[in-house]
Amino acid sequence: MKDFQFHKLHKKIGKMLEKFATLFAGEKISILHLMMESHRAVNALLIWTTILFHYHIVSGQAPSACARLNTAQVRQVISQSIQKAQAALQAQKTLNEYLLRIGFDEPVNTSPTQPKTYHQHYAAFQHLNSEAAVQVDSGFMVNHATTEMSIALQMSLVELAMCPQVVSIWHELIGAVCIRRQETCDPSEKYRRIDGACNNLANPLWGRSNRPHRRLLPAMYMDGVSMPKQVGVSGEPLPSARHVSNVVHKQDPCCPLAERDLSLYVMQWGQMLDHDLTDTAIEKGAEGGNIMCCNISQELLSQRSACFPIQIPANDERFSNPCMNFVRSVAGHDDMCGFGPRNQLNQASSYLDASFLYGHNDEDAREIRAYERGLLRMTEQELFPPGAVDETQCQTDRPGHYCMKSGDFRIHVMPGLTALQVLFLREHNRIAKILGQLNPKWCDEDIYQETRKIVVGVIQHITYKHWLPYILGPEFAMKTGLTPKPEGYNTVYDMNTDATISNVFGVAPFRFGHTLLQNTVLFMKDSGMHIRNELAFNRPGMIFSDQAKGCAYVGYGLAIHPASKADGLIVSSVRDNLFLDHNGQSFDLISLNIQRSRDHAVPGYNAWRKYCKLPCAFHFGTGPGGLVDHSPENVRKLHSVYRHPDDIDIFPGGISETPLPGGVIGPLFGCIVGQQFLNLKKGDRFYYENAFPNTGFTEAQLNSVKKMTLGKLLCLHFHLPHIQVDPFRMPHAMNPPTPCGMFPDLEFSLWKA
Ligand code: HEM
Ligand SMILES: [Ca+2]
């Protein structure tokens, strides 16, 4: 194949091709290698789109197909495609309403007395904020109309994108069903916006909530547009996600090994960050009910476009039903409502901005604030109050217990997460009170914003300085440019860096925390007791217990409970019993992870290795050309489920790599997680180390923020007499329990105006 010759092309088309070339760069090699490596028949549909694409790129010609289209015909096709999309959306809604009415789909359950089913426990993960709820419809129509247009004109998306008349008529007509996003910014604004908009002044939408994820590699949809990935390179179906989970991720029930000396805070901080960065919207049924994809006829299944159920192998040790429910992530649309392959919608603000606490959008942020002296709403027991509507659908079992309203709806998934979120609620209000006393003339807004800026700074500092080195290994973290300076400013802002969370980051690499989980919550009342996760999922009871001292018992327990070994094996409480309900029904979290990456059509393990410039595997060995970052045992497991190394899904392939020295993830996840955190640092104008006079800290304030530690926060808010110096590690001689008075606090006088 010749090299691309952009200079010969018309300038405009050249630019477009350049963009596509970057997008497909990884794939080009993958196709070549696939052809050399695999002597089997190759899935025709997948390859067809890609080969067509390469042909046009390499030949450098606008497709002749484009020339044969006349404007009237294009207009008619696009108009009809949009009409068909509207009809399809209506048909889905009617079907959903019918299935809810006949009792097939499960309704929302916010009753405090009626126990929740496992689907209802999962509801917080399917929550849609009001802006996202509107986009569900427009995203569906854009996606459906794209498919219809591609079929009607018998052209691939790449070909269509090269036809100026198609692009312009599409944009003219799609405006009727899809609202383009836009934002105007005031460059003099002192504080970051709640939704992340206007962080990048040249690209105000970068990192904003309710936008699609970034694609680092193009999606691999079966039809090029929307259909989930289901076959491997041989054209044979991929192994069932549950089968992979059983073979690759099953942990010996006797003894999940401890991870060196890391405590469960490494896991818990990770989940808190995840809920700051990603909240992928998942489809819901009529009236917010749960879509059911199992125990239905093949015909009905084919009509439910949200369904992508997981097949359970016949001999499964846990599940007797041959089907596990799986509902697809919502199709988002890009800012301009353009046509293109399906992409998923992130309801979270991408920036590391404590949005799990303050809210990812203005509507939630308003409900969380007290609008009095900068405070957040907090009960006498120093917990979050309930929201106007219970959208977390947590399960309560005592009068007086309720579901708390925080910035993120998933707050109750585990008590440890609830405790950590409550810790930052208390920290916000502690700082706000002190700042308010120091600056009596400051109004509510001043105190709220300045406090929020400090809380975000502290979280960014602990994340980059203390937490990331345990994840990536200290050397890799340093080499990637993630380690903050010990003192003083470190202005790293680069306005060309887009911090928007990538699609792949959320579907696999940042789910690494699932391998660190233990089977129990350590409730440190008196000498402590272990409570099985199954009794804790989505239930705030432990937090409320003992006049809400339970929050501290859970919070302290995390510091003295070792994390599970980062070996890719997953405890049974989430692999077999996720959201276990009173009927004994549950999910497998790992099956959901694997199926989610296929739903998003994220390329497989090998494609990402190539993306990260790591060697790819051509065979199932551990030597050169094989899976060089895996143990022989893990290679054996992968080989027993996958036909070809190119078929390995990214979660199983990545999580089973041997961790980087001193870290908990291997080279592949290290590359993707490291790159994302670098973008979150360089692409965030409000990053705490930046020396920007209007928006940054003074140097003295910054140095004070840099003295804050997780230990100090635990002392302050869980009312402890002492804690080990570094609570991300277990206490021992080198990390001794230390009186709380020894941990430095913020120097508040530096904030006196
Ligand atoms: C404490 C126990 C945990 C439970 C019960 C849990 C449960 C879940 C569930 C049910 C999902 C949605 C699965 C799907 O349908 O795709 C999910 C997604 C996810 N989890 Fe976990 N998780 C836990 C801990 C963690 C930890 C420790 C991390 C990271 C360090 C993490 C990172 C993620 C990420 C990144 C997603 C994708 C989120 C999104 O895109 O919206 N989780 N988790
Ligand atoms: Ca955020």
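Just the heavy atoms: all of them, side chains too, but no hydrogens, waters or symmetry mates, feed the values below. Both ligands and their constituent atoms are indexed starting at 1 by order of listing. This structure is a prediction, so every number in the text was calculated from the model and none was measured.
With ligand atoms numbered from 1 in the order given, ligand 1 contributes 1 (C), 2 (C) to contacts under 4.0 Å with heavy atoms of Leu517. Near Gly270, with a cut-off below 4.0 Å to any heavy atom, the atoms of ligand 1 are 29 (C), 30 (C). Heavy-atom proximity to Asp279, at under 4.0 Å, picks out these atoms of ligand 1: 41 (O).
Remark: among candidates His600, Arg511, Arg596, the nearest residue to atom 13 (C) of ligand 1 is Arg511, based on non-hydrogen atoms. Of the listed options Asn538, Asn503, Asp274, Asp274 places a heavy atom closest to atom 35 (C) of ligand 1. With atom 7 (C) of ligand 1 as the reference point, the heavy atom nearest to it among Leu589, Ile590, Ile594 is part of Leu589. Considering only non-hydrogen atoms, atom 27 (C) of ligand 1 lies nearest to Met267 out of Gln126, Gln344, Met267.
Tested against Thr280 for a side-chain contact (heavy atoms from CB on, under 4.5 Å), the candidates Gln347, Arg596, Gln344 yield a single pass: Gln344.
With sequence neighbours left out, Leu660 forms a side-chain contact (heavy atoms from CB on, under 4.5 Å) with Phe476, Pro667.
In the model, Ser597 has no side-chain atom that pairs as donor or acceptor with a side-chain atom of Asp599 under 3.5 Å. Side-chain contact check for Asn343 and Arg214: no donor-acceptor pair (N or O, by modelled atom type) lies under 3.5 Å. Between the side chains of Asn593 and Arg511, at least one donor N or O sits under 3.5 Å from an acceptor N or O. The closest side-chain donor-acceptor pair between Asn577 and Arg318 falls under 3.5 angstrom. Thr392 and His127 form no side-chain donor-acceptor contact under 3.5 Å, judged by distance and modelled atom types alone.
Considering backbone and side-chain atoms alike, Asn593 places every N or O at 3.5 Å or more from each N or O of ligand 1. Residue Tyr122 places at least one N or O, backbone or side chain, under 3.5 Å from an N or O of ligand 1.
With the Ca ion (ligand 2) as the vertex, O (Tyr351) and O (Asp276) define an angle of 120°, rounded to 10°. Here Asp353 contributes OD1 and Ser355 contributes OG, and at the Ca ion (ligand 2) these two atoms make an angle of 80°, given to 10°.
Both tests do not hold together for Lys682 against Tyr687: distance to the six-membered ring centre under 6.0 Å, angle to the ring axis within 45°. By the 6.0 Å and 45° rule, Arg452 stacks over the aromatic ring of Tyr358. Both tests pass for Arg369 against the ring of Tyr448: distance under 6.0 Å to the centre and angle within 45° of the axis.
Protein heavy atom nearest atom 38 (C) of ligand 1, with residue, atom name and distance: Thr278 OG1, 3.4 Å. Residue, atom and distance of the protein heavy atom nearest to atom 21 (Fe) of ligand 1 are His514 NE2, 2.3 Å. Closest to atom 11 (C) of ligand 1, if we only count protein heavy atoms, is Phe125 CE2, 3.3 Å. Here the protein heavy atom with the shortest distance to atom 32 (C) of ligand 1 is Phe510 O, 3.3 Å. Met414 CG, 3.2 Å is the protein heavy atom nearest to atom 1 (C) of ligand 1. The closest protein non-hydrogen atom to atom 41 (O) of ligand 1 is Thr280 N, 2.7 Å. Regarding atom 4 (C) of ligand 1, its nearest protein heavy-atom neighbour is Gln271 NE2, 3.9 Å.
By the criterion of a heavy-atom distance under 4.0 Å, the side chain of Val413, and not its backbone, is placed next to ligand 1. Residue contacts with ligand 1 for Leu578 involve side-chain atoms from C-beta outward but no N, CA, C or O (heavy atoms, distance under 4.0 Å). Contacts between Asn533 and ligand 1 below 4.0 angstrom, taking non-hydrogen atoms only, are absent altogether.
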- Task: Just do the side chain to side chain contact (heavy atoms under 4.5 Å, CB included) check on Arg208 and Ser349 with the steps written out, would you?
- Result: CA-CA 5 Å; Arg208 205 198 77 165; Ser349 75; over 6 Å; no

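Rounded to the nearest 0.5 Å, atoms CG (Leu423) and CG (Leu710) are 7.5 Å apart.
Aromatic ring orientation, His466 versus His461: perpendicular (interplanar angle above 60°, classes split at 30° and 60°).
By the SG-distance test at 2.5 Å, a disulfide connects Cys403 to Cys394.
Counting backbone and side-chain atoms alike, Ser350 contributes no N/O/S atom closer than 3.0 Å to the Ca ion (ligand 2).
Residue Arg410 places a heavy atom under 4.0 Å from ligand 1.
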